[in-house]
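Numbers restart at 1 for each chain; the letters A, B, ... are given by sequence-line order, proteins then strands.
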Number of protein chains: 2
Amino acid sequence: MALNRDALRTKMTNTVLLIEDEPDIRDMLNFALSRAGFQVWESDTAEDAMRKLDGLLPNLLIIDWMLPGMSGVELARRLRLDTHTASLPIIMLTARGEEADKLKSFDSGVDDYVVKPFSPRELIARVRALLRRVGTPEDGLLENSGIRMDLNAHQVTINGEPTKLGPTEFRLLELFMNHPERAFDRAQLLDRVWGRSVYVEERTVDVHVLRLRKALKPFGMSQHIETVRGVGYRFAPE
Amino acid sequence: MALNRDALRTKMTNTVLLIEDEPDIRDMLNFALSRAGFQVWESDTAEDAMRKLDGLLPNLLIIDWMLPGMSGVELARRLRLDTHTASLPIIMLTARGEEADKLKSFDSGVDDYVVKPFSPRELIARVRALLRRVGTPEDGLLENSGIRMDLNAHQVTINGEPTKLGPTEFRLLELFMNHPERAFDRAQLLDRVWGRSVYVEERTVDVHVLRLRKALKPFGMSQHIETVRGVGYRFAPE
DNA sequence: GGCCAATGTTACAGATATGTGACAACTATG
DNA sequence: CATAGTTGTCACATATCTGTAACATTGGCC
């Protein structure tokens, strides 16, 4: 848990795709969002937005209800149908305050709804609340050189194939993958994998490194655990 | 073995805990929520709510800003600090429309915010949107890998064949299927399946996992409940 | 090459964790 | 208040992990 908090804090900045045709509002929101630490992409039409969403996905969408061409609601509806974009958090922006609109909006799978005129600070608060709720997708995931550790599921997969690791080997690999390249001596490994209060022989580390290598061997990944002669061991990415 | 009555409260699909001191509003919301298919629990103070949350958790909280004694914001803040309740979705309800309040509210970890007077339909739409975002199924149907749970009917079918599960096994499977892949340790399972006010041995979890596996066995589904050695258990989809 | 220290490897016995069956107490319900 | 079902614990059986020591191999240095 404490780990997750840290992971969130150091997470790279969240990206927001802002889909709004009125330049004034777009600029104002871009300014406010940027100042709040978000990276902002802009689109002035639904069509342009869909093109942008073909590639790397943003963390959240802000969509204006009224857009030239395809409407915001229609865009939201379509995004929900596509598995690639289905789980993107969406906040809808609109000038109309009628309840029917809100309900239609929610029905199309929108996560939140803000009525113009609104305060940028409130919008940002809602953006933050939604991102907090969604969590960053790769949270709790360690990946490097085809080795993936899902810390929540407590599972390791190599090129998609699940692998079985003993508890100690799991923690050992976790440490290595958290600090790729870095070499640890045996004392450090004992400290960080076994814990401070336990006394075990330093050579025991060697045995567990061997066991970890054995587990990675069938996938041809054992060479990633390198020996640093006279020092200890390190994880070597591709 | 002093069992807390609260812990025995049966929980059906999509339970909402409504924390509101004004009887009129409470009744109105209870009516609207019930008609929308939610099971509603009520509290008229933050203190009572906290007591209720010691047992099995509802799916969502609706908290009034103004409460006698501990305020709604303070309650939200406290719930966020406790890992047991930290991830509960919260909607804050308030008569004040001032922006500062909203921001304070969001800062305390609230997911959404609705200003009185509001339309019950909008509130329900927001409840649904939030539950959808969190991953709670709206229709009370959980399905994965051929196992289907009807949370309303309290019934499990595997590939169409009905199965009988004890109450505890049912809640256990419900938790697992709500969080596929994720590994839970025994303390977490006790917390979330038994409720935190109950004290039972950790090994008791093992026995119920065994019983759950036995129930799934005739359908060849027992391998979906995986042991994570040194940690606990997890649900593994196909 | 020969030597030494560092590391790789194996085997194993003890320690831990988990699976399982039995049972008595408890609950709900009619 | 009797019955059928459920619950939590325990004791014992298995399965898996752990640390160590002994021996094998490697790498560097003279």
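Looking at which nucleotide of DNA chain D each of A:V205 and B:E169 is closest to, the 5′-most match is held by B:E169.
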Got a list of side-chain donor-acceptor pairs under 3.5 Å for residues 84-93 of chain B, not counting sequence neighbours?
| residue | atom | partner | partner atom | Å |
| --- | --- | --- | --- | --- |
| B:H84 | ND1 | B:R196 | NE | 3.4 |
| B:T85 | OG1 | B:L79 | O | 2.7 |
| B:T85 | OG1 | B:D82 | O | 3.4 |

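A:D150 pairs by the salt bridge (Lys or Arg N to Asp or Glu O under 4.0 Å) definition with nothing, not counting sequence neighbours. Annotation: side chain to side chain donor-acceptor pair (under 3.5 Å) contacts of B:D64 (sequence neighbours excluded): B:K116. Checked against ring-ring contact (aromatic ring centres under 6.0 Å, His included), A:F170 has the following partners two or more places apart in sequence or in another chain: A:H154. Taking the salt bridge (Lys or Arg N to Asp or Glu O under 4.0 Å) definition, one finds that A:R128 meets it with nothing, sequence neighbours left out. When the side chain to side chain donor-acceptor pair (under 3.5 Å) test is applied to A:R211, no partner is found at least two apart in sequence or on another chain. B:R121 meets the salt bridge (Lys or Arg N to Asp or Glu O under 4.0 Å) test with A:E99; sequence neighbours excluded.
For the helix from C:dG1-D:dC30 to C:dG30-D:dC1, the angle separating the two terminal helix axes comes to 40°, with each axis derived from five pairs and the value rounded to 10°.
Checking B:Q39 against B:N14 by side-chain atom types alone, no donor-acceptor pair falls below 3.5 Å.
With respect to A:D206 and A:R203, a salt bridge is recorded, a charged nitrogen being found less than 4.0 Å from a carboxylate O.
The nearest whole Å value for the distance from the CG atom in B:D206 to the C1' atom in C:dT16 is 13 Å. The CG atom of A:L210 sits 15 Å away from the C1' atom of D:dT26 (whole-angstrom rounding). B:L212 has its CG atom 15 Å from the C1' atom of D:dT6, to the nearest Å. For the pair A:F170 CZ and D:dC17 C1', the interatomic distance rounds to 16 Å; values are reported in whole Å. Across the protein-nucleic acid pair, B:L165 atom CG and D:dG5 atom P stand 15 Å apart, rounded to whole Å. The interatomic distance linking A:H208 (NE2) with D:dA21 (P) rounds to 14 Å, in whole Å.
For DNA chain C, the neighbouring residues in residues 181-203 of chain A, judged by any heavy atom under 4.0 Å, are A:R186, A:R203. For residues 222-238 of chain B, proximity to DNA chain C is found at B:T227, B:V228, B:R229, B:G230, B:V231, B:Y233, defined as any non-hydrogen atom under 4.0 angstrom from a strand atom.
Put simply, B:K164 has no side-chain N or O that comes within less than 4.0 Å of OP1 or OP2 on D:dA4.
Annotation: side-chain hydrogen bond (donor to acceptor under 3.5 Å, both in side chains) contacts involving residues 163-173 of chain A, sequence neighbours excluded, comprise A:E169-A:H208. Counting only residues at least two apart or in different chains, side-chain hydrogen bond (donor to acceptor under 3.5 Å, both in side chains) contacts with residues 217-228 of chain A comprise A:R213-A:T227, A:E226-A:R234.
A donor-acceptor contact under 3.5 angstrom links the side-chain atoms of A:R211 to the base of D:dG19.
Among the protein residues, B:V209 comes within range of no part of the nucleic acid, since none of its heavy atoms lies under 4.0 Å from any strand.
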